[in-house]
Amino acid sequence: MTINWQKTVTLLAGLLVCGQLAAHQNLADKFEKLADAVVVIHTTERAANPNQSSGLTSIAGLGSGVIIDKQGTILTAAHVVHNADSVEIELRNGDKHWARIISSEPATDLALLRIEEPPTKLVWVKLGDSDRTRIGDPVFIIGAPYGIGYSLSTGTISGRQKGGDDGSRFAIGEFFQTDAAINQGNSGGPMFNQRGEVIGIVSFILSQSGGFEGLGFAATSNLARERMLERPSLWTGVETIMLGGDIAKAFNVPQPFGMLVQRVARGSNSELLGLRGGEYQVTIAGQVFLIGGDVILNVMDVPVDGGRNYDAIREKLYGVQPGHKVTVTVLRGGELVELTLFVRAQPD
């Protein structure tokens, strides 16, 4: 039997092209089905004024998020909203709604929002089981890189990393590594598997140029489910810098470690508690500090210990129910001050 190799190659090439077209069409259909559940997040927060040695100025922030239920609950990244004074979400149809922060945990870079007055017609998506995801599986990401809303990028899972093992500041949990393009504005957006399930929340990139270089990371959906839905912690809304060693001594901290308060978000539990942020900028050992604010020494009878007691502090805060009190001891103006907050119930 004589084989016509030219016809065979042509046939195989045609089948390959048809397969690629089908795959792209399938992805296009998934995008149309899922994109309405993705939101663009606009925030305002206060930051050090670069033109003055004291005082704060208001700045705008940008990120992405994904709606996960009909009540308008949104998963996003903690670094997008944790210090926000206000949060506004924008739907795909252009409608904008105010949102409140329900929970935020910087150590996992995860946060939970709720739309204040959700519209009657909302699209939401399902959280998948990230433990079923394997290295090499295809994924796609929808978000707002550089403010360009509803952009799609595709890639694969290229690794799994434990928090702290990848050079990030996020010390807890598990992160997917991906080569799907991630840029500023993608943070907090969803990573989908081929079934259209959310398996990750975009967190950060590793880059020398400042742009995407093929190393992006997303907190896994199982981590988000555990830390935000099953065991959510209070939204503190406070930014701190850990003080230790000679720097702690320079601030007259009466114990080995303390947390210097930098900023306190408006409406947060830390503001209700009475924590005070810094006002004056100084540079110590190459690091910029806002000084003049409180130094946290103790949270719920657990001393600040260089981050080693983080889980113990989180467990204390997790156990606080509405009506219960949170106590924090701070160093303020050279004196020890105990602050107390009776936790409010979250609206349904």
The reported gap from CG in L110 to OG in S203 (rounded to nearest 0.5 angstrom) is 7.5 Å
Restricting to non-hydrogen atoms, name the atom on T108 and the atom on F175 that form the minimum distance, rounded to 0.1 Å. O-CZ, 3.8 Å
Pair Q194-F140, side chain to side chain contact (heavy atoms under 4.5 Å, CB included): steps then yes or no: CA-CA 8 Å; Q194 293 300 292; F140 61 97; 3.9 Å; yes
Any chain of hydrophobic side-chain contacts (each under 4.5 Å) joining V238 to M300? yes
Main chain of T156, side chain of T178: is a donor-acceptor contact present, judged purely on distance under 3.5 Å? yes
Measure the CG-CD distance between L260 and E239 for me, rounded to the nearest 0.5 Å. 10.0 Å
Do V282 and I241 sit in one hydrophobic cluster, given that two such residues count as connected whenever their side-chain heavy atoms are within less than 4.5 Å of each other, even indirectly? yes
Residues I68, M228; criterion side chain to side chain contact (heavy atoms under 4.5 Å, CB included); working and verdict: CA-CA 12 Å; I68 59 170; M228 292 292 109; over 6 Å; no
Check whether any side-chain heavy atom of I296 sits under 4.5 Å from a side-chain heavy atom of L275, and report yes or no. yes
Working to the nearest 0.5 Å, report the span between CG of L113 and CH2 of W98. 13.0 Å
Within the side chain of E271, is there an N or O that forms a donor-acceptor pair under 3.5 Å with the backbone of G267? yes
Specify the closest pair of heavy atoms between A224 and L75, including all atoms of both residues, with the distance to one decimal. CB-CD1, 4.1 Å
How about D109 and F217: do any of their side-chain heavy atoms sit closer than 4.5 Å? no
Can you check whether N222's main-chain N or O pairs, donor with acceptor, with S130's side chain at less than 3.5 Å? yes
Atom CZ of residue position R276 - does it have more than 12 heavy atoms of other residues, nucleotides or ligands inside 6.0 Å? no
Contact check, side chains of D137 and I199, non-hydrogen atoms, under 4.5 Å: no
Under 4.5 Å between side-chain heavy atoms, hopping through other hydrophobics if needed: is there a path connecting Y280 to F251? yes
Looking only at heavy atoms, which two atoms of G274 and R332 are closest? And how far apart? O-NH2, 3.0 Å
Should R100 and E116 count as an ion pair when the cut-off is N to O under 4.0 Å? yes
For the residue pair R114 / T73, report whether a side-chain donor-acceptor contact shorter than 3.5 Å exists. yes
Check each of I89, V125, I74 against I67 using the side chain to side chain contact (heavy atoms under 4.5 Å, CB included) test, and report the only one that passes. I74
Shortest non-hydrogen contact between L122 and P118, atoms and distance: CD1-CB, 4.0 Å
Using a 4.5 Å cut-off on heavy atoms from C-beta on, say whether the side chain of K249 contacts that of D246. yes
Where the side chain of N186 meets the backbone of N183, is there a donor-acceptor pair that is under 3.5 Å apart? yes
Could you tell me the separation between the CZ atom of F31 and the OG1 atom of T154, rounded to the nearest 0.5 Å? 12.5 Å
Is it the case that one hydrophobic cluster holds both I182 and I148, taking links as side-chain heavy atoms less than 4.5 Å apart, direct or via other members? no
Treating Y150 as the side-chain partner and R92 as the backbone partner, does any N or O pair qualify as donor plus acceptor under 3.5 Å? yes
Report the C-alpha distance between V326 and L234 in whole Å, list the side-chain angles of each, state the deciding distance to 0.1 Å, and finish with yes or no for side chain to side chain contact (heavy atoms under 4.5 Å, CB included). CA-CA 10 Å; V326 173; L234 293 175; 4.1 Å; yes
Taken to the nearest 0.5 Å, the spacing of K96 NZ from E88 CD works out to 5.5 Å
Testing V253, V304, V328, V337 for side chain to side chain contact (heavy atoms under 4.5 Å, CB included) with L297, which one passes? V253
Counting only heavy atoms not in E335, do more than 12 fall under 6.0 Å of its CD? no
Would you say L62 and H42 make side-chain contact, with heavy atoms under 4.5 Å? yes
For residues G149 and A144, report the shortest heavy-atom separation together with the two atoms involved. CA-CB, 3.9 Å
Might you point out which heavy atoms bring W235 and S104 nearest each other, and give the distance in Å? CD1-CB, 3.6 Å
Tell me, do R314 and R227 make a side-chain contact under 4.5 Å, heavy atoms counted? yes
Determine whether L290 and Q281 make a side-chain contact, defined as any pair of heavy atoms from C-beta on separated by less than 4.5 Å. yes
Where do L27 and L152 land on the side chain to side chain contact (heavy atoms under 4.5 Å, CB included) test, with the steps shown first? CA-CA 10 Å; L27 184 58; L152 173 75; 4.0 Å; yes
Tell me, do Q262 and N83 make a side-chain contact under 4.5 Å, heavy atoms counted? no
Check: G128 main-chain N/O paired with R225 side-chain donor or acceptor under 3.5 Å: yes
Would you give the length of the straight line joining atom CG of L272 to atom CZ of R266, rounded to the nearest 0.5 angstrom? 13.5 Å
According to a 4.5 Å side-chain heavy-atom criterion applied to Ile, Leu, Val, Met, Phe, Trp and Tyr, with indirect links allowed, do L331 and I284 form part of one hydrophobic cluster? yes
Polar side-chain atom of T329 near backbone of E338 as donor-acceptor pair, under 3.5 Å: no
Do T236 and S270 meet the criterion of a side-chain donor-acceptor pair at a distance under 3.5 Å? no
More than 12 heavy atoms from other groups under 6.0 Å of CD on Q184: no
Does any N or O in the side chain of S153 come within less than 3.5 Å of the main-chain N or O of A181, such that one atom is a donor and the other an acceptor? yes
Check R308 with D305, please: is the shortest side-chain N to carboxylate O separation under 4.0 Å? yes
For the side chain of T327 and the backbone of T340, is there at least one donor-acceptor N/O pair under 3.5 Å apart? no
Hey, does the side chain of D129 reach the backbone of D131 with a donor-acceptor pair shorter than 3.5 angstrom? yes
M191 and its side chain to side chain contact (heavy atoms under 4.5 Å, CB included) partner, picked from I157, T220, V66: I157
